[in-house]
Structure formats: C-alpha cells, structure tokens
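When reading the values below, keep in mind they use all heavy atoms of this one structure, side chains included, and skip hydrogens, waters and symmetry mates. Every value quoted in this text rests on a predicted model; they were computed, and no experiment measured them.
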Amino acid sequence: MLPIATWISQGGMAGMLASPGALITALGIVAGLGATGSVILMLWLAARVPFIEHTVGLDKALAAHRDLGEATVVGLVMHGALLIVGYALLDGVSWPAEIGALWSGDFALAVASLLLLGVVGVTSMWAVRKKLPHEAWWLIHLLTYVAVLAALPHQFSMGGTFASGWPRATWMALWGVTLAVLCWYRLFIPLRQAWLRRLTVTQVRAEAPGVVSIEMTGPGAADFMADHRAGAGQFGQWRFLAPGLWTHSHPLSLSAAPHGQTPLAQTQPGQGAPGQLLRVTVKARGRGTAQLIRRVRPGMHVTVQGPYGVFTEASRSEPDLVLVGFGVGIAPIRAFLETATFAPGHATVILRGSSLADMPHLAEIDAIARRRGARLYVLPGHRSRSIAAPAWAPESARGIRLVDLTGPLQHADLYICGPKPAAQSLENEAIAHGLPVTAVHREEFDW
C-alpha cells in the first residue's frame, strides 16, 4: 500500500531490529499506515462514485467497505497500543507515563477518533446492525466522517512519514481528493437530486399481503432515467416526504420500465412514453417499510437518489440471460426482463417465494415472457432443508439442478435478486456448472 511503501522508501525499516522497543514501534507504525490506507479505500467504496458503482456494483462495493471496516478498527487499535508500548520501552518509562508525555491536542484528537471508529465498527457488525433501527445506525455511521477528520492532524504532526517534503504533499493531495469526492457525491449530488427529482405518488396498489406497488410521476422521473447509468432493473434511495416518513430513505428497485402517465395496470408491457411514470414495489420487511406501506397515499411528495445497481445491459457480456428473483426481489427482475436485449429462447426467468401470494407481478411477468420468448419457471414453497435439494430451491424440488431449467450456462449472464443465503447458494451452483464468475450479477437485501 502507498503509505507503507512511502515509509519504507524513507528508511523506515532501518534499525527496526536494534531493540524490542524499536521493533514494536515499527510494527505499530506499519499497522497505522495500513489502517489509514484502508480508511481511504473504504471512503472511496462508500462514496458512490459512478465508475466504481458501474464497475463492481454498489452492493459489492459496500460489502467490501464493511469487510474492510473490521480489519481497519483492529489495525488502528494495534497501531495505538504498539506505539505506546514501543515508545515506553525506548524511553525507559511505564506506558501510563508515556501516554502522559504524548498527550497533546493532536494526540487527544487521535484517541477520540479511535473511540468513535470503535463505536462505528461495533454497530456495523451484522448481529448488532440488525437490532438497530436504520435511522439510528445511519446517524451513528456519520461519526465515521468526524473520526476521519479528527485523526488527520496527528498524521502530519506526530509521525515522521508525512512530516515534510514530497510525502507530505502527496498525502495531503490524496486526502484532499478523497474529501472532495465525498463532498461531491455524498453531499452535493444528493442535494441536487433532492431538488430536481421531485415526484408525486399517483397510485398505491396492493400486490400481496404486506406488499404494495407505488406509482409516481413528475419532472423528477425524466431526470432519474436520464442518468447515464439508468436501467429499468436498478434501484434508488426513495424518501417519502410526510411526517414520520421523511427521515428514512428506502432502497427500492424499479418494478417496471418507465411508462407514460397511464397507470401501469392499464398498459401493455413495453408500451408508453418512457421517463414519465416510475413504479417501485415494497414489502414490509421491517418497521420502516411497514410504516411506509400503511401511510403512503396518492398525492404524497417523493425525492429519489440514484440510480444504483448492476441490473443493466452494461453489466452483460454473454448472449444468454438467466434472471432469478426471490420474493419481492422479483420486482427488478420484472423491470429488467421488459427491456433486456435477448433473442427468443435465450432467456430464462426463475421466480421463487414461499407461496404464489409471495410473488408479486406474476401475471405481468408471464405476459412479458410469452411476448418476448423467455422461459418462465415459478417455484413456490419454503426453502428446502434437505441435502437432496439445493438451498435456493423449494422442498418440492428435490434433485433439481439449475441447468435443468436453464440449459448450459457457459454463455449466459446470471442476475440474482434476493436474500444472501439463497443468492449465494444459487451463485455457487451456477459457477460449478460452468458459469463464468464475471457473469454473476447480484443485488442483495441489506444495508
């Protein structure tokens, strides 16, 4: 990594074996430099830079961001602990005395930064995150930016690596670009989109118990779909501007390609003027979505950020297409099927849910599949717990293989939307049957 390479180029390894204190100090410096480089990478992965989102997908970028977070916190703790012990050995004093000697404004800010990042790291653990309301988790996560800013001064004042010369100028430039990118994509662009993408709910329709479709129109619809990354199967961060709802943004996929202002229930698939009416499908999966379903009404104002996700033609590299949706994850499958490019007979659609009632838009998908020449398989039933059936399939599908439904996978792109365990099981099986790893495109329900 760049920070460690800079340290080595400045002779950082010289004398590190001279004494235990020197070795421990060197290890502490390396841990801190590695963790700091990891922080910068995490910020870029979470910045929603179009190039990163388009190349690896927002879900994979955020997954890598979360994975790096745990290692980063461990590295920063090791950095602080090793340096204090190493400095104490070199100075011949106790470590409490060493802390007292080091204590200054920049050192205090670094300690505060470490404590803040520890709080963020603990609340980002899956078991803890799932017990927190999304709004509380989001507010705590904002502490990351405070922690980063608090840690910056000591990197230049307390360490020799970036104290002067070209390393200091390079490190300052890298941090400057990183902070500028964050401000642009996480502050300016969302505020601009909130202003331009003003929508109004025109219709709310029940699709199944606990599942509704929300149709919206307005000048913001055209701006949303005009984005150079826009695709019918992507998702946005939707904020419904009503008391009790506006504080929570919902990651919801489009469940139909944009149509004219005629309600989608009254249009034929693929017809209508694009960019005027948008539809999302929502399932009550938690307190926030349950409250949204209960309270959303026609006339309610909405803003949207995005689009995000890998459900676009730009992700494809093969002529065959396999689309698999689980439960409400069927929504983006329906939208992408409507607009994807494929020859008749070269697309397979697999829909999963605990029951037919748990699968929204079945009639619409059936009509589109028939019109476009795609094979459609509907597999209702609870997930199998038998070793005779794959984990993504229902109990009734003992012995079924993915290739039994799709045919050979060597020249196919696989799009999956659903919960992680089922999606991972399906991906593993597809790769085992010859699907290239690069041809797997997943959207998962997580935050």
Query raised in the report: More than 12 foreign heavy atoms under 6.0 Å from CZ of R295: is that the case here?
Result: yes
Requested in this report: Take K283 and D358 through the salt bridge (charged side-chain N to carboxylate O under 4.0 Å, His left out) test and state the conclusion after the steps.
Outcome: CA-CA 10 Å; K283 180 178 181 179; D358 193 42; 3.2 Å; yes
Query raised in the report: What is the distance from atom CE of M359 to atom CG of L379, rounded to the nearest 0.5 Å?
Result: 7.0 Å
**Report entry** Flag side-chain contact, heavy atom, 4.5 Å: P394 against R352
**Finding:** yes
Query raised in the report: Between the main-chain N or O of S317 and the side-chain N or O of D413, is there a donor-acceptor pair closer than 3.5 Å?
Result: yes
Query raised in the report: Which atoms form the tightest heavy-atom contact between L402 and A430, and what is the distance?
Result: CD2-CB, 3.7 Å
Query raised in the report: Under 3.5 Å, side chain of R316 to main-chain N/O of P319, donor-acceptor pair present?
Result: yes
Query raised in the report: Side chains of L252 and W238: closer than 4.5 Å at any heavy-atom pair?
Result: yes
Requested in this report: Provide the closest heavy-atom pair for A151 versus S113 in the form atom of the first, atom of the second, distance.
Outcome: CB-OG, 3.3 Å
**Report entry** Qualifying residues under side-chain hydrogen bond (donor to acceptor under 3.5 Å, both in side chains), relative to H346, sequence neighbours excluded
**Finding:** D320
Report task. Might you work through the side-chain contact (heavy atoms from CB on, under 4.5 Å) test for H301 and V201, ending with a clear yes or no? Result -> CA-CA 6 Å; H301 296 296; V201 176; over 6 Å; no
Report task. Look only at the side chain of R297 and the backbone of R294, and say whether a donor-acceptor pair between them is shorter than 3.5 Å. Result -> yes
Query raised in the report: Can you check whether I214 reaches V212 side chain to side chain, under 4.5 Å on heavy atoms?
Result: yes
**Report entry** Side chain to side chain, Q424 and R442, heavy atoms closer than 4.5 Å
**Finding:** yes
Please report, to 0.1 Å, the donor-acceptor pairs under 3.5 Å made by any side chain of residues 172-187, with sequence neighbours excluded.
residue, atom, partner, partner atom, Å
W175, NE1, Q155, OE1, 3.2
T178, OG1, W44, NE1, 2.9
T178, OG1, L174, O, 2.9
R186, NH1, A46, O, 2.7

Requested in this report: Establish, from distance only, whether the side-chain atoms of T348 and T406 form a donor-acceptor pair under 3.5 Å.
Outcome: no
Requested in this report: Apply side-chain hydrogen bond (donor to acceptor under 3.5 Å, both in side chains) to D366 and list each qualifying residue two or more places apart in sequence or on a separate chain.
Outcome: R370
**Report entry** Nearest-0.5 Å distance, CG of residue L241 to OG1 of residue T200
**Finding:** 9.5 Å
Query - H250: ring pair (Phe, Tyr, Trp, His ring centres under 6.0 Å) partners, not counting sequence neighbours - result: H248
Report task. Report yes if some heavy atom in the side chain of M300 is under 4.5 Å from a heavy atom in the side chain of L245; otherwise report no. Result -> yes
Requested in this report: Going by the side chain to side chain donor-acceptor pair (under 3.5 Å) test, name the single residue among E215, R279, E338 that passes it with S255.
Outcome: R279
**Report entry** Test: E429 and R401 ion pair at under 4.0 Å
**Finding:** no
Report summary line: ring pair (Phe, Tyr, Trp, His ring centres under 6.0 Å) pairs touching residues 408-430, sequence neighbours excluded, are F311-Y415, F336-Y415, Y415-H441
Query - Pairwise distance CG(L254) to CZ(R334) - rounded to 0.5 angstrom - result: 10.5 Å
Query raised in the report: In this structure, are over 12 heavy atoms from other groups packed under 6.0 Å from H141 atom NE2?
Result: yes
Query - Over all atoms of both residues, closest heavy-atom pair of T202 and P298 - result: O-CB, 3.9 Å
Query raised in the report: Do any N or O atoms from the side chain of R239 and from the backbone of W246 form a donor-acceptor pair under 3.5 angstrom?
Result: yes
**Report entry** Option among L116, V39, V119, V120 that satisfies the side chain to side chain contact (heavy atoms under 4.5 Å, CB included) test with T144
**Finding:** V120
**Report entry** Flag side-chain contact, heavy atom, 4.5 Å: V322 against L409
**Finding:** yes
Query raised in the report: Hey, mind stepping through F240 and T303 against side-chain contact (heavy atoms from CB on, under 4.5 Å) and telling me if it holds?
Result: CA-CA 7 Å; F240 293 79; T303 65; over 6 Å; no
Requested in this report: Compare all side-chain heavy atoms of F326 with those of P419 and state whether any distance is below 4.5 angstrom.
Outcome: yes
**Report entry** Validation row: L41, L68 side chains within 4.5 angstrom (heavy atoms)
**Finding:** yes
Report summary line: For G118 and V73 the tightest heavy-atom approach is CA-CG1, 4.4 Å
Requested in this report: State which residues pass side-chain contact (heavy atoms from CB on, under 4.5 Å) with M78; sequence neighbours excluded, sorted by chain then number.
Outcome: A31, V74, L82
Requested in this report: Kindly say whether P190 contributes a backbone atom to a donor-acceptor pair with the side chain of Q305 at under 3.5 angstrom?
Outcome: no
Report summary line: For G210 and I293, the nearest pair of non-hydrogen atoms, with its separation, is O-CD1, 3.3 Å
Report summary line: Distance col, row L435:CG vs E318:CD, nearest 0.5 angstrom, shows 8.0 Å
Report task. Please check if the side chain of S354 supplies one atom and the backbone of G381 the other of a donor-acceptor pair under 3.5 Å. Result -> no
Requested in this report: Please check if any side-chain donor atom of E313 sits under 3.5 Å from a side-chain acceptor atom of T341, or the reverse.
Outcome: yes
Query - Ion pair check, R205 and E207, cut-off under 4.0 Å - result: yes
Report task. Determine, stepwise, if the pair H361 / S213 fulfils side-chain contact (heavy atoms from CB on, under 4.5 Å). Result -> CA-CA 10 Å; H361 311 305; S213 287; 3.1 Å; yes
**Report entry** Nearest-0.5 Å distance, CD1 of residue I368 to CD1 of residue I333
**Finding:** 11.5 Å
Query - Minimum heavy-atom distance A374-V349, with the two atoms named - result: CB-CG2, 4.5 Å
Report task. Applying side-chain contact (heavy atoms from CB on, under 4.5 Å), run through I350 and L323 and close with a yes or a no. Result -> CA-CA 6 Å; I350 302 172; L323 305 175; over 6 Å; no
